[in-house]
Amino acid sequence: MIQKPRGTRDMLPDEMEKRREIEARMRGRARLRGFREISTPVFEELELFTIRSGEGIINEMYVFEDKGGRSLSLRPELTAPVLRMFVEEGRSLNKPVKWCYFADCFRYERPQKGRYRQFWQFGAELIGADSAMADAEVIILGYDLLKTAGIRFVLKIGHLSFMRTLLSNLAEEDKKKIRAFLDKREEDAAVSHLKVIGHEELCEPLIRLCGARTLEEVFLVIGEIPESQRIREMFHILDVNQIPYEINPAIARGLDYYTGVVFECFAEGLGAENQILGGGAYRLAHLFGGEDTPSAGFAIGFDRVMVALGDSVWSPDTPQVMVVATSEGRDRALVVTEELRKNGIITEIDLMERSFSAQMKTAGKSADYAVIIGKEEVTSGDVTLKNLKAGTQERLSVDDVVRKLSP
RNA sequence: GCCUGGGUGGGGUAAUGGUUAUCCUAAGGGAUUGUGGUUCCCUCGAUCUGGGUUCGAUUCCCGGUCCAGGCCCCA
């Protein structure tokens, strides 16, 4: 038997309906804030992804050569393609550009809980704005989407200026190392490294900064900085919007292209892969040949959201109808079936030449109502509507059935 | 790339170095040609894969593969 490739999943209708529901809610919330959905190719020029992340990531991508000899890769993420699209198509659009996307990405990695080789991201990018409002808008949207999905999570916000200011006298290489340690929440290792390179005087401030949970504590450690006012303003906007967050100056994000605010969300009960959202303010457009454009965005690990939601039951509240007919009633049943469908009622009819009682049996398993059509109904021109859950039934005209079952 | 534990019908399971591999459930048909969900009967359907040990392997050993979880990584 041929099986699905490692790290991929099949999704049965129950799961798809659940996913579509969550997707729809997220799209709806994004749209309300003026973020409109876009789509980019599933594969791109390999260079799009290596241009800033180095050749190393090739090992973790699905790379291939097409018949024209082009080096291509299935997209491992969506920020780069979206910014590429912005540079290529978005020059003449009104700023700021507000886009969202929901799409699958591919990475050749070892599968784990909530980590697959084909996975879905829901993300948003706000391109061309550089303000406290813009930063806040992106964070609020991210918060809103997760909240709308219905999961429990915490939002942690940091700013790269904090650590950058504290470490401003260090060599670039040491800054990177420290940031990497902090990103992994290995503060001890960061402190040790400071000692090794002879900056013991920074150890205590570093620990205090990492432990800071209010802006006042942060600025007490690093002093006022040029961005202070904007940062205060951004948090103020979050407060006005009643967004609960935790300040965490240790958040570094693994990437060089982030420039300002960074934020992450963590869900409960997800094991090793519990980060479900990551984002921040960044500059990328210039790497793809565009003008240097301030941007902010985030991506949500949709599959992890679904894992976090767990088995919360999903019952579609739209009634499901099965038309049950005898051989005398079959032709009229076909007409009635289409009539119900025309009115938006989910309607099925036997496709297996089952006997009347077998049809009833099937209806009892999969439908909420049976519409029964036999000799009697053909003669009188009505139908019998049976409520399969309650066991009651009545004779009605087709119009009355429609009236009764329409949402 | 590394580590741990697993793999028996569609789902869940039992057992075994040796006759026809257990049971539950789901699915299909029937009892029942105008009333389902209960009941009864029937049917379908499995030892992940390759090699080794053995007279004989689903069972023991090794490799692979897939699954679950963890490490590294996480754009």
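We name chains A, B, ... by the order of the sequence lines, and we start the count at 1 in each one.
Among the atoms of the strands shown, none is found under 4.0 Å from any heavy atom of A:E328. Among the protein residues, A:R9 comes within range of no part of the nucleic acid, since none of its heavy atoms lies under 4.0 Å from any strand. A:E60 comes within contact range of at least one nucleobase, with a heavy-atom separation under 4.0 Å.
Donor-acceptor pairing under 3.5 Å, judged by distance alone, is absent between the side chain of A:Q359 and the base of B:U35.
Spacing between B:C24 and B:A31 at atom C1', rounded to whole Å, works out to 23 Å. B:A14 and B:U58 have their C1' atoms separated by 13 Å, given to the nearest Å. A distance of about 15 Å separates the C1' atoms of B:C42 and B:U32, rounded to the whole Å. Nucleotides B:U47 and B:U22 place their C1' atoms 13 Å apart, quoted to the nearest Å. Taking the C1' atom of each, B:U13 and B:C73 are spaced 38 Å apart, rounded to whole Å. Comparing the P positions of B:C3 and B:C60 gives a spacing of 22 Å, expressed to the nearest Å. Separating the C1' atom of B:A27 from that of B:G10 is a span of 8 Å, rounded to the nearest Å. B:C67 and B:G12 have their P atoms separated by 15 Å, with the value rounded to a whole Å.
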Trace of the salt bridge (charged side-chain N to carboxylate O under 4.0 Å, His left out) decision for A:D400 with A:R403: CA-CA 5 Å; A:D400 284 337; A:R403 252 188 294 283; 3.0 Å; yes
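Residues forming a salt bridge (charged side-chain N to carboxylate O under 4.0 Å, His left out) with A:E60 (at least two apart in sequence, or on another chain): none. Qualifying salt bridge (charged side-chain N to carboxylate O under 4.0 Å, His left out) partners for A:K195, counting only residues two or more places apart in sequence or in other chains: none.
Ring orientation note: the planes of A:Y245 and A:F235 are tilted relative to one another, at an angle of 30° to 60°.
Each of A:T384 and A:S355 has a nearest nucleotide on RNA chain B; the 5'-most of these lies closest to A:S355. Taking the nucleotide of RNA chain B with the nearest heavy atom to each of A:E377 and A:A358, the more 5' of the two is matched to A:A358.
In this structure, A:Y282 has its ring center under 6.0 Å from that of A:Y257. In this structure, the ring of A:F266 has its center no less than 6.0 angstrom from the ring center of A:F153.
With rounding to whole Å, A:E125 atom CD is found 14 Å from B:A75 atom P. Rounding to whole angstrom units, CD of residue A:E353 and P of B:U33 are separated by 16 Å. Between the C1' atom of B:U35 and the CE atom of A:M322 lies a distance of 14 Å, rounded to the nearest Å. One can place CE of A:M352 at 12 Å from P of B:A27, the figure rounded to the nearest angstrom. Protein atom CZ of A:R330 is 19 Å distant from nucleotide atom P of B:U33, rounded to whole Å. To the nearest angstrom, P of B:U35 lies 11 Å from CD of A:E376. Per the geometry, CD belonging to A:Q393 stands 10 Å off C1' belonging to B:G34, to the nearest Å. Between the CZ atom of A:F266 and the C1' atom of B:C74 there is a distance of 12 Å, given to the nearest Å.
Side-chain atoms of A:D368 and A:Q320 form no donor-acceptor pair, as typed in the model, at a separation below 3.5 Å.
With respect to the salt-bridge test (charged N to carboxylate O, under 4.0 angstrom), the residues A:R84 and A:E88 qualify. Here A:E23 pairs with A:R20 in a salt bridge; the nearest charged N to carboxylate O distance falls below 4.0 Å.
The cationic group of A:R304 does not satisfy the cation-pi geometry with A:W120, failing either the under 6.0 Å distance to the six-membered ring centre or the 45° limit from the ring axis. The cationic group of A:R9 lies under 6.0 Å from the six-membered ring centre of A:Y116 and within 45° of the ring axis, placing it in a cation-pi geometry. In this structure, A:R107 forms no cation-pi arrangement with A:Y62, as its terminal cationic atom is not both closer than 6.0 Å to the ring centre and no more than 45° off the ring axis.
Of the residues in residues 70-79 of chain A, those placing a heavy atom less than 4.0 Å from an atom of RNA chain B are A:P76, A:E77, in numerical order.
Looking at heavy atoms from C-beta onward, A:V383 lies out of side-chain contact with A:I372 at the 4.5 angstrom threshold.
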Find every protein N or O atom lying less than 3.5 Å from an N or O atom of nucleotides 36-42 of chain B, and list the pairs.
from	atom 1	to	atom 2	distance (Å)
B:G36	N7	A:K386	NZ	3.1
B:G36	N1	A:L388	O	2.7
B:G36	N2	A:L388	O	3.2
B:G37	N1	A:L388	O	3.3

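Residue pairs that meet the salt bridge (charged side-chain N to carboxylate O under 4.0 Å, His left out) test with at least one member in residues 320-332 of chain A, sequence neighbours left out, do not exist here.
Base pairing of B:C55 is made with B:G18, judged by Watson-Crick or G-U wobble geometry with both donor-acceptor distances under 3.5 Å. Base pairing of B:G5 is made with B:C67, judged by Watson-Crick or G-U wobble geometry with both donor-acceptor distances under 3.5 Å. Pairing partner, B:G28: B:C42, with both Watson-Crick or wobble hydrogen-bond distances short of 3.5 Å.
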Summary of protein contacts for nucleotides 65-72 of chain B, nucleotide by nucleotide, where a base hit scores B, a sugar-phosphate-only hit scores S (4.0 Å, heavy atoms): -SSBBBBB
